[in-house]
Amino acid sequence: MERNRVAARLGLLGAAAMLAAVLSLCLGPVPLTPVQLWQGLWGQGDGASILAFVRLPRTVGCVLAGAALAVSGGIIQTVLANPLAAPSTIGVNSGAGLGVALCSALLPGALTAVPFAAFLGAFIGVLFILLLAERAGASRITLVLAGVALSSMFSAGVDAVVTLYPDALIGYSDFRIGGMANLYMGKLLPAGAVILACVLLAMLLASEMDLLALGSDTARSLGLRVRPVRTVLLALAAALAGAAVSFAGLLGFVGLIVPHIVRRLLGGGSLRLVAGCALCGAALLTLCDLLSRLVFAPFELPVGIVLSLAGGPFFLWLLFQKRGTHS
Amino acid sequence: MIELRGLSVGYRGEPVLRGVDLTFQPGQVTVLLGPNGCGKSTLLKTALGLLPPLAGQVLYDGVPLQSLAPVQVARQAAYMAQSRSVPQIEARRMVLHGRFPYLSFPRRYRPEDKRVVAEAMQEAGASDLAGCLMQELSGGQRQKVYLAMALAQRTGTIFMDEPTTWLDVRHQLEVMATARRLAAGGKAVALVCHDLCLALRNADTVVLLADGALRMTDTPDRVYESGALDTAFGVRVRRVEMDGSWQYFCE
């Protein structure tokens with residue numbers, strides 16, 4: 001696909017993300033007009049405190065988590081050369097979840113430690129998968145199955161922690177399904193910095209990702225140091241997923257679907273994949289969160305439910321599409 | 001020039017081949033022959049540094065392979081793997097990957113890289129595929145793009161692992177003609193091939209591998225006359241003269 005068309009479509013994705021963010025800031029129990037929004041963002045008018053304490057953290061959280069999980073999924077799919085891999089399917093998300101649960105159970109006061117615990121949990125999940133891929137030369141389906149097993153082990157760990165320490169996760173169901181309520185800017189800042197840095201790094205490593213997509217033997221014969229690069233990229237994916245999970249909970253599907261959508265829209269190539277995933281993931285999660293707030297207002301569904309309702313059918317469709325083509 | 005000295009190759013400490021001495025001569029097509037599982041692909045991978053040798057040495061212009069960085073290896077030897085993934089990118093971008101060993105960070109293609117890529121695509125007969133998506137190409141066309149990528153590395157040696165497998169007969173002959181042309185241009189070409197007849201007709205040097213060792217390295221004529229092929233494969237290889245050259249067949 002020629003450059004201009006890719007640039008145009010990336011621009012459209014960016015515009016969609018912006019629009020979703022603006023809608024998410026304006027709509028809610030107290031609707032704000034664009035003018036009020038503008039004033040509110042500068043701390044003036046009626047909307048200022050709603051924005052500062054409710055909608056801005058929520059929107060920023062959605063943009064960050066959506067971008068992080070989607071880019072993480074894009075990296076994992078490219079590095080493992082496996083279209084069914086994603087942070088939620090290979091145990092990276094639930095690893096981060098276990099990290100968060102353990103951290104809040106054992107170190108109740110240490111809020112700053114939460115993102116690190118999430119990263120550690122995610123990284124352990126990634127390492128396991130990496131080991132499996134290297135050692136057994138495991139086939140694609142084995143990797144996914146192993147990921148499912150790993151996921152359920154980690155989830156069992158989370159359940160055990162929550163049963164033993166009922167106070168560990170206030171709003172546990174929110175965490176488990178993934179939700180954006182109860183966010184504040186202080187909680188988002190460290191995770192946001194990590195996410196931004198990791199997305200930029202992933203974009204810098206785009207050529208290396210392109211080479212890895214050719215298979216490790218070909219990549220190595222082109223002069224790439226395959227093992228360290230693969231480890232660094234998967235560590236980035238773990239950091240991204242961990243950072244998102246640390247404040248948004250166990251959101252599934254974003255990391256799985258968005259890379260597929262982006263590849264359809266933009267074609268292959270890792271730079272456009274990473275950039276497209278960041279924009280598309282942000283737009284999708286923000287829109288789903290908006291839906292989750294508006295559809296049953298004044299009640300609110302955790303965004304994870306909306307995502308799964310939309311993502312489940314898409315995933316099924318994908319499975320049936322893939323069956324016909326040889327891989 | 002790449003030399004193997006007393007090389008033992010295999011996986012996880014288990015040797016498949018022992019004590020291989022072999023030189024890939026510039027200007028020659030070297031064909032590796034041998035029954036399934038005799039270690040042909042393993043030997044190529046070890047010669048490229050994709051697998052560690054179990055014993056012995058691989059020398060690139062006299063320098064041990066272990067002391068070379070992957071990019072230095074990639075400037076001297078190119079590799080067409082047996083199993084090839086098919087990414088969703090255009091053929092031209094695929095061939096540009098062949099310039100990776102020459103790029104510094106950040107990876108920006110210089111005008112020189114683009115010129116080399118255009119030349120490589122022409123040499124491989126892939127110029128008219130430049131704008132096509134890899135996934136939409138036929139097996140033979142993909143093969144040409146992979147060849148162009150290997151040529152864009154501008155190496156003295158090129159290794160091809162079963163380049164003719166899965167191709168129809170016309171494309172098989174084309175691959176062999178390309179191998180001959182590259183050798184005529186001064187490259188050392190080494191390829192693994194399962195088609196005895198195709199191999200014997202096109203090789204300058206035949207390397208026969210069987211039963212965990214290198215059995216013979218010689219011209220196709222001498223290898224044929226020694227009868228070693230019959231023993232190694234358990235078939236009868238025969239030849240007839242046709243239009244002034246030998247045609248080989250098995251029975």
Side-chain angles (χ1 to χ4, degrees), chain A residues 1-3 5-6 74 77-83 134-137 139-140 200-201 203-230 259-273 276 322 324-327, chain B residues 11-12 41 44-45 47-51 68-90 92-109 131-136 139 145-146 149-150 152-153 155 157-161:
Chain A
M1 206 177 305
E2 64 273 34
R3 276 227 169 126
R5 240 168 83 197
V6 172
Q77 286 179 4
T78 307
V79 173
L80 297 181
N82 192 327
E134 296 245 316
R135 262 297 140 87
S139 70
R140 297 172 170 204
L200 287 178
L201 269 174
M203 289 173 89
L204 279 179
L205 291 175
S207 315
E208 279 78 358
M209 279 168 72
D210 281 338
L211 255 60
L212 277 180
L214 302 179
S216 53
D217 278 349
T218 303
R220 167 75 197 214
S221 77
L222 287 167
L224 188 74
R225 291 177 192 272
V226 170
R227 270 176 193 223
V229 169
R230 190 152 63 179
H260 287 283
I261 300 176
V262 170
R263 256 184 246 116
R264 283 274 155 97
L265 279 177
L266 305 178
S270 301
L271 186 60
R272 49 180 93 163
L273 178 70
K322 286 278 164 196
T325 61
H326 61 98
S327 47
Chain B
Y11 293 91
R12 299 197 190 98
S41 302
L44 282 197
K45 286 185 186 178
L48 280 151
L50 306 179
L51 284 173
L68 295 173
V71 275
Q72 290 173 305
V73 176
R75 290 174 192 180
Q76 297 190 54
Y79 176 53
M80 286 171 68
Q82 189 179 352
S83 63
R84 304 183 194 95
S85 21
V86 186
Q88 292 180 320
I89 56 176
E90 299 95 72
R92 186 166 173 283
R93 285 167 48 94
M94 185 81 190
V95 180
L96 274 167
H97 288 327
R99 297 306 292 165
F100 186 85
Y102 298 92
L103 300 178
S104 52
F105 203 84
R107 323 280 182 202
R108 285 192 160 275
Y109 296 113
C132 303
L133 279 178
M134 284 300 282
Q135 288 185 318
E136 290 164 8
V145 177
Y146 263 93
M149 184 169 86
Q153 283 177 255
T155 57
T157 306
I158 180 165
F159 292 104
M160 307 181 185
D161 198 350

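Each chain gets a letter, A, B and so on, in the order its sequence line appears, and its residues count up from 1. A quick note: this is a predicted structure, and the numbers were derived from the prediction, not measured.
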Closest non-hydrogen atoms of B:Gly49 and A:Arg220, given as atom of the first, atom of the second and distance, are O-NH2, 3.7 Å
The reported gap from NE2 in B:His97 to CG in A:Leu211 (rounded to nearest 0.5 angstrom) is 6.0 Å
Applying a strict 4.5 Å limit to non-hydrogen atoms, the region of B:Pro87 in contact with chain A is side chain
When rounded to the nearest 0.5 Å, the distance separating CE of B:Met94 from CG of A:Asp210 is 10.0 Å
Checked B:Ala69, B:Ala150, B:Gly98, B:Pro101 vs chain A; the most non-hydrogen pairs under 4.5 Å come from B:Pro101
Okay, B:Ala77 and chain A: the region with an atom under 4.5 Å from a heavy atom over there is backbone
Nearest heavy-atom contact between A:Leu222 and B:Phe100 is O-CD2, 3.4 Å
Sorted by chain and number, sequence neighbours left out, salt bridge (Lys or Arg N to Asp or Glu O under 4.0 Å) with A:Arg230 holds for A:Glu134
By side chain to side chain contact (heavy atoms under 4.5 Å, CB included), A:Asp217 pairs with (sequence neighbours left out) B:Lys45, B:Leu50, B:Tyr79
Chain B shares the most heavy-atom pairs under 4.5 Å, among A:Ala219, A:Gly269, A:Gly215, with A:Gly269
Cut-off 4.5 Å, heavy atoms of chain A, and the answer for B:Met149 is side chain
Whatever's closer than 4.5 Å to a heavy atom in chain A on B:Met134 counts as neither
When the 4.5 angstrom heavy-atom criterion is applied to B:Phe159 and chain A, the contacting part is neither
Interatomic distance, CG@B:Leu44 vs OG@A:Ser221, rounded to 0.5 Å, equals 11.5 Å
